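The block underneath contains the structure these notes are about, expressed in structure tokens.
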Amino acid sequence: MTIRETFERAVKEHPDAAFQRFYDGTRWVNRTYREAYGRMLKAAAVVSRLDLGEADADGVRPRVAIMMENCPDWQILYLAITGAGLVVVPIDQIEIGRAG
């Protein structure tokens, strides 16, 4: 069972349970599985329109990099991309200071 399949099963079994709890800068927010699933479907539609290709004859799947802050929508985007059969390559953002 994939992560996406596990997520979709949880949506069906516990749609109103908290999927995420995060601070939005002013208050704590709970996002239910149902809400997260709706956001994931919207992101998946965008990923689909990008037409990034399919696995080649050797089964190698296209890679998509995600470079964004650690935030609740990172998880949503990950689920959308992997659900489309693509491989996610996370790239951590770093801040490089000036020497001296």
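Side-chain atoms are counted along with the backbone in the values below, which use heavy atoms only and exclude waters and symmetry mates. This one's a predicted model, so the numbers in the text were calculated from it and none came from an experiment.
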- Return yes when atom CD of E5 has more than 12 non-hydrogen atoms of other residues, nucleotides or ligands closer than 6.0 Å, and no otherwise. yes
- Item | Partners passing side chain to side chain contact (heavy atoms under 4.5 Å, CB included) against P72 (at least two apart in sequence or in another chain) | Q20, F22, R31
- Message: I'd like to know whether T32 forms a side chain to side chain donor-acceptor pair (under 3.5 Å) with N30, so could you lay out the CA-CA distance, the side-chain angles of the two residues, the decisive distance to 0.1 Å, and finally the verdict.
- Response: CA-CA 6 Å; T32 66; N30 287 322; over 6 Å; no
- Message: Would the distance check show the side chain of D58 and the main-chain N or O of V60 forming a donor-acceptor pair, the cut-off being under 3.5 Å?
- Response: no
- Query: Are E13 and R9 ion-paired here, with the side-chain N under 4.0 Å from a carboxylate O?
  - Reply: yes
- Task: Give me the other members of the hydrophobic cluster that M40 sits in, counting Ile, Leu, Val, Met, Phe, Trp and Tyr linked by side-chain heavy atoms under 4.5 Å, directly or via other members.
- Result: I3, F7, V11, F19, Y33, Y37, L41, V47, L50, L52, V64, I66, M68, W74, I76, L77, Y78, L79, I81, L86, V88
- Is there side-chain contact between V29 and R21, with at least one heavy-atom pair below 4.5 Å? no
- Is any side-chain N of the basic residue among E8 and R4 closer than 4.0 Å to the acidic one's carboxylate O? yes
- Query: For N70, does the CG atom sit with more than 12 other heavy atoms under 6.0 Å from it, leaving out its own atoms?
  - Reply: no
